[in-house]
Each structure stands twice: as C-alpha cells, then as structure tokens.
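Each remark here refers to the structure printed beneath this line.
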Amino acid sequence: MLSNSKIFFKLLLFLLLAAALLFAAGCSREAASDSEPENGVDDETPGVVKITDRIILATTTSTYDCGLLDFLNPLFTEKTGIEVQVISQGTGAALETGARGDADVLLVHDRKSELKLVEEGTFIDRYDVMYNDFIVVGPAEDPAGVDGVASAVEAFNLIAAGEDIFVSRGDDSGTNRMELRLWESAGIDPEGQDWYLSIGQGMGDTLRVADESMGYTLTDRGTYIAIFDSVELVIALEGDPALFNQYGVMAVNPKEHPHVKYNYALLYIEFLMSDEGQNLINSFQVNGERLFFPGYGLK
Amino acid sequence: MANHEEFLIELKGIRKYYDREVLHVEQLLFKKGHVYGVIGPSGAGKSTLLRIINLLTPPDSGTLLFHDRPIPANGAGRLAIQRKMTLVFQKTLLFKDSVRNNVAYGLKARGFPRSVIDERVGSLLKQVGMTDLAARRADTLSGGEAQRVTIARAVAFEPELLLLDEPTANLDPGNVELIEEMITKLARNKAITVVMVTHNVFQARRIADQVIFINQGRIVEMGPTEKIFSAPDHENTRLFVEGRMVY
Amino acid sequence: MSRLFEGIIEAFRLIITLNPALLQIVSLSLRVSGMAVVIAALIGIPLGALLGLKPEKKTRLLNKIIFTFMGMPPVVAGLIIYLILSRQGPLGVLGLLYTPTAMIIAQVFLASPIVIGLTMIGIRARGCDVEEMARSLGAGSVLIAWTVIMESRFAILGAIITGFSRVVAEVGAVMIVGGNIAGHTRVMTTAIVLETRKGNFELAIGLGLILLIISFIINSGLYSIQKGGKNG
C-alpha cells in the first residue's frame, strides 16, 4: 500500500514531464503547420478537404446560432481549402474584435456603425450581404396589447405604459443597438425601470429569459425561428419597415493590421457576394422558414 | 595515551543568540570512540549544541574544526563532512515510506550500490529485531519501533559521529533499555563516537564515559562519568546530578 | 421537467454511441485542461515547496497574494490573458488569441496559484522537519527537495487534482481567449453555453453529465488517495 502510493506519485510526476514534452512537441507541430500552410493538414476536419489556411470570422450570435454559417462555411472551405473559424459575439464586441485586429473578416448587423468604421479606415470592402427583419416577441397572452399595432415604437410605448416585462440583450449587439434606437424614438428611457431587464447576453439566452419571465423582447427573426421549438413566445409585432435588419460583410483593413489575411478575407467576401453564395443564403431554411434574404433590403 | 586519541570535532568560541544568548562555548573537544552524555536543565542549550555540530544551525560566531580542519562554509567539502555525522532528533520523524527504505535513506544519499544497501539494511534490521516489519510503512509503527528504526537509519551509513537528542524521552522503560543497549553496542562495535543529550542523569551515567554539564548556555563542567557523579568540581554540577538543583 | 428528462436520455445516447462531435469536444477539454495542469504543476510544485519551507512570517504578504489569485474569477483571468494576447496587446505578434494555446495559458494562470498555494500549505506542515532530517542524513540539495516533495505527495496530488477540477469546469476564461470556435477551441463548458443558447439541451446536458462523471472520477481518486495517505 505504502509503496504503491509512492510509486504512483513518481509515475505521475514522470507522466507530467512526459506529457509536457509531448504537448510541447505537439504545439510546435501545430505552429509549424500554421507557418507552412501548404504542407499542413488539419487532422480534425474529416473528409477529403485539405485545409491550407484559416481565417477568423467575427460575427454575431444571430448568424451563427441558427446554423447559417455551419451551412455556408464548409462549402467555402471545400472550394478554397481555407477553414473559417467563427467567433460569435454581439455586434459591438465583434466590431471591437475586428478593430483590434483579432479577426480577419466580419459579418455583422449595425449598418450605421459599419459605414462609419469603414470611413475611418478600420474596415474595408464592405458589402450589404443579406437582410432579414427584427420582430417583437412576447407571451401568447399579450398583456400589453401589442397585437394589431403597426409600428414598433407604438408597441414599445404600450409595453412601457403597462409596465410589462421587457428583456433587453444589453450587450451592445446589433439587436441591442436597434432596440435602444426604438426606445429613443418612443421618447422613453427604460434604463433602471423595474420592468426592464437588461441581461447582457446573447439572443438565444435573451429569448429564453423572456420566455421564462413572460416578457417581451426584440429579436432577429432568424434566432427566433431557430429556437422556436424550445420557447413559448409568439410574434407580437412584425413588418414595420423600421425593423429592417441589414447584415454587412467586410474585411479588416490590412493597412491598420498588416498581419491579417486580407486576401483570404476577400475570397470569403467574394464567395458570399457571388451568385452561388447569394443563392445559398436564399435557400437556407430552419424549421421550414427562410431566415435571410440576399443582398440589400431597402432598394 | 592521550596522544593517541584523535580529535574528531572541536568547537572554538561558538556563540549563538536568539532573543538572548543561548549558547556560549569557549572550547569543546570530542574525541574519537567515546560516548558523551550532555546533561543539563531544559533550555540550557543542549539541543542547540547538537544542531550546531551537525551544521544545521549556523553559529553567530566561532569556528568548528573537523579532524583539526575548519569546516567550509558551503559546497562539496561541507557536505562531505556533514555526511560523516548525523543527528537523531528529539521528535521522531520517519519518512512516509517502508521501514526498509527509511533505513536505506542515508546509504542511498551517499550513492552506495544497491547490493551493499540491501545487505546492510538487512543485517541492521535483523540486529534491531525488525526484519518482519521491513515492508511496513514507517509512519504506522509504535513509538518504540519507530525509535529503533530512527537509530538504525542513523547508523546504517556508519557515521563517525552520532548525535542523539533525548533518544528515549517518549518511550516506556522496556524500550528505553532496548535503545540504550543498541546505542552502547553500536558505539562499541562500529567505533562510532556518540554525543547524547539527555535530561536524565541516570541515563548519562549508564551509557556515557564522558559527561558534559551545561547550564544557561555555558559548559559548567566536563569529565569522566565517575568523576562528574562522585566528585564534581563545581557545586552546581553536584546539585544537578543529585537532583537537587533548583532551576 | 420533461425537457430535462428527455435531455438526459438523449445525453446517454450521445455518450453511448460515442458521438464524434461530443468526443472531439471532450477530448479538447481534457487536453487543454490537462496540459494547463501539467504546466501549473511544473511551476507550482517547486514554488509551493520553496514557500512552504520558509517561515510563515516571511511569506505573509505573498500568501495573501497567492490566496487571492487562487480565488480569481476565471473571466478576469480570461480578460487579462485576452488583453495580453490580442493583436493590440504586448504579445499580439504571436497570434495566439483564439487558439488552444491561448486557452492553456489562461488556465495555467488559473491553476498555478492553486497548485502553489495548496502545495505550500501541505509542505508547511512538516516540510522544515523533513528538510533537516534529510540534511542530517546526508542528502544533497536535489535529494532534499525530492524528499520534501515526496513526503507531501498526498497534499500535492490533492493540489493538482483541485487545480484540474477548477480549470476543466471553468467557462469564463476559455470563452474569452478561445472564442469557442467549432472543432478548434470549443470545449465542454463553452459548448454547454452555446448549446443552451441555441436550445440544444440534449448536447448541453450530455456534456454536463460528462463533466460530472469526470468530476466524480477524479474526486473519488482524490478521496481514496488522501485516505491512503492517512491510513497507510
């Protein structure tokens, strides 16, 4: 018994050292494949696609969680051998990630901010790649009486007047920015109100909280449809032109961050903007519904 | 006669302070092959003396000579000298390992070949009557057994100097006798010089051939055992060995 | 309630059929956290031993700092490593952000104080006595260090396992520095967050169950080892 524990411990220390050496070798091998993309083969991707390089795509939870990128990106990888590594955050965080040079290409939805950052030279080659719309969802009982109202601003007024629960992303995402603009238009400052829950989480989480707390929230249609099965929320308001949701794709400016893989980012942008890419976006469905429409929405 | 005796270790002007002066030894000589008993009231500086000799506690001033040569402050020379002696602490400490490996520790530290280690450990365990317990984990032994292993471990590598700090303090009379027998036997058979600290004057009288009486950090008197017990030079020595000293 | 039940059934199905996505995520989790703990142990055991052999009075401030870092929220560790590894950060040129290496670094940052602190506590109990005993028996400095560590092996093993439990279960740091990239930096905890957000409770609960099973195994191991340490 006694020597068992001692032998075991010695073995453990030995394993620690051996593991350290192995892992060190493993890491350097990985690093080597990064620096010599032509020879590197990614063991983790099954199939015949030979991965020669990777790009990092910073995007929003709304394009990722619904499965759109899992649908599009393998096709891009198949064509080019470039793996797309997706970081899904709120739009605000995604823009910041890109601005710091930690990503190569962005797919986000806050057109105003995007155009401003392109103008400032942070990003380049921006295209309106697809759109859908925001909707207001809430409990089937509709305590605020939003059903039948035509504009989002009006709906927000009703919710505030009735002090019905409203759950906000509160994470500086594209959806959150849109929501705050609507409150502003309604002339209401919801910040700090008892009925206003700012939770600082992704769209899926926010829908879940709204569902559990019998509240309303603003969501992009895609995420709602994607998780429609697991919540009891219903659409309270849709179709208001003010709820139009445009997505843009753009590259991190290589003049700002020389290390970014600008050429590959361009390939990705070209892929999304190509007829093939646009058709793929158009054909993507979840639960039998189309989530995104190609191109720019407001002609 | 005295000329043939070899000085093993010599202390010169050794002083040690903690909050106060705990040890002040102008000169102290240990000669090869003797059994020294260091007696004195608790707090007299006996343990500090052993720790300084064993190079565990550096003195604040003074020099230590080993075979008439000063001990280097560090490096291989110091380690070589440290390896010629060992200290059995008052608090029994055995490694969380088998009895066999505990006894083998000093031999392994000195790089003895495996065959020598096995042979010596085997014969030592036999001498102390613990062959059956060789594979037992040492920290599960009884007090008496543990102290036998501690002493076996200390003499396995045949040090020139064996320092013992109250080796029987926590033992029952049967084990005290056993340990004392072990010590005298080892000293005689292996010609190991022994310096044993004890608060028990009778034990010093039983085992030692030289007795050193320390009080308040200073050596009061040193001499052959019979002389210290029958005709000490110093009044305090007489009071202490007669158990009448009040301190 | 039925959702939880269905989730558990589906989870078992995923585990039993060795679902490749699940396996890949579990394997990355174990590799990242395992590697982090290996490095944390290589840093933490010697440092912890060193501190444990010093009298407590001399290391009081250091103790407080280590204990504070032991309780560091993973997101804070993640944020600090993110700011260091980001392209704008001091080590940005290495391009390590959003790689398993970055996750390992963040978890080393989390696990090292635990290994250091618990090793220090374990060794402080009798490390000085062991050191002197070894020295007195003629051990050189390497053997002394080895003996001190071996004498506290149960405490050290506990420290390593505690460190592993903490990092394998944390989500804040790996999410920030790893980015939860599918097939690349997605581990059990970040996958649970994602799949919960997406409403895929089956995979989320499956991963949760695996985390619990791993935790059960390592804690049973820890329990029996520590029991062994006391009884023989």
Side-chain angles (χ1 to χ4, degrees), chain B residues 47 50-57 74-76 78-99 101-112 135-141 149-165, chain C residues 41 45-46 48-50 52-58 115 118-161 221-232:
Chain B
S47 295
L50 291 192
R51 295 177 55 87
I52 287 174
I53 296 171
N54 198 208
L55 311 181
L56 294 174
T57 300
N74 45 42
R78 187 180 174 89
L79 182 61
I81 290 171
Q82 194 161 42
R83 283 186 172 170
K84 294 198 167 128
M85 51 186 159
T86 191
L87 169 57
V88 173
F89 293 86
Q90 188 169 359
K91 199 168 112 195
T92 309
L93 189 150
L94 289 168
F95 301 123
K96 287 177 187 167
D97 204 339
S98 64
V99 166
N101 284 348
N102 264 281
V103 176
Y105 188 89
L107 293 164
K108 281 184 188 161
R110 286 163 180 75
F112 277 84
R136 260 279 282 283
R137 200 163 127 161
D139 50 357
T140 63
L141 298 174
V149 176
T150 315
I151 290 169
R153 179 175 64 182
V155 298
F157 46 87
E158 298 183 356
E160 289 185 47
L161 179 61
L162 174 62
L163 305 160
L164 300 164
D165 195 353
Chain C
I45 294 172
L50 201 71
L53 290 175
K54 292 214 185 308
E56 198 171 352
K57 264 187 271 173
K58 283 188 182 168
V115 179
L118 295 182
T119 302
M120 177 178 80
I121 292 168
I123 282 179
R124 182 155 287 155
R126 61 200 279 274
C128 285
D129 292 344
V130 170
E131 185 196 349
E132 287 197 332
M133 191 73 247
R135 193 181 297 282
S136 178
L137 287 168
S141 45
V142 175
L143 182 60
I144 291 173
W146 178 250
T147 306
V148 166
I149 288 171
M150 285 307 290
E151 284 299 291
S152 301
R153 58 190 180 271
F154 302 110
I156 292 171
L157 215 53
I160 293 172
I161 289 173
L222 178 63
Y223 180 77
S224 64
I225 286 164
Q226 289 188 332
K227 233 180 136 221
K230 286 203 185 79
N231 298 346

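Below, chains carry the letters A, B, ... as their sequence lines are ordered, and counting in each starts from 1. Being a predicted model, the structure only gives us computed values, none of them experimental.
- Residues F95(B) and M150(C) form no side-chain contact, since every pair of their non-hydrogen atoms from C-beta on lies 4.5 Å or further apart.
- Looking at R126(C) and K96(B), their side chains come closer than 4.5 Å, going by heavy atoms from C-beta outward.
- Within residues 79-90 of chain B, the residues having any heavy atom less than 4.5 Å from a heavy atom of chain C are, in residue-number order, L79(B), Q82(B), R83(B), M85(B), T86(B), L87(B), F89(B).
- A distance of 11.5 Å separates OG1 of T92(B) from CG of D129(C), quoted to the nearest 0.5 Å.
- Note that NZ of K108(B) is 12.5 Å distant from CG of L137(C), once rounded to the nearest 0.5 Å.
- Across E151(C) and L94(B), no two heavy atoms sit closer than the pair OE1-O, 4.0 Å.
- What you find for A109(B) and A139(C) is that their closest heavy atoms are CB-CA, 3.9 Å.
- For the options L163(B), L56(B), L107(B), heavy-atom pairs under 4.5 Å to chain C are most numerous at L56(B).
- One distance of note links CE of M133(C) with NZ of K91(B); it measures 12.0 Å at 0.5 Å rounding.
- Using a 4.5 Å cut-off between heavy atoms, R51(B) touches chain C through its side chain atoms alone.
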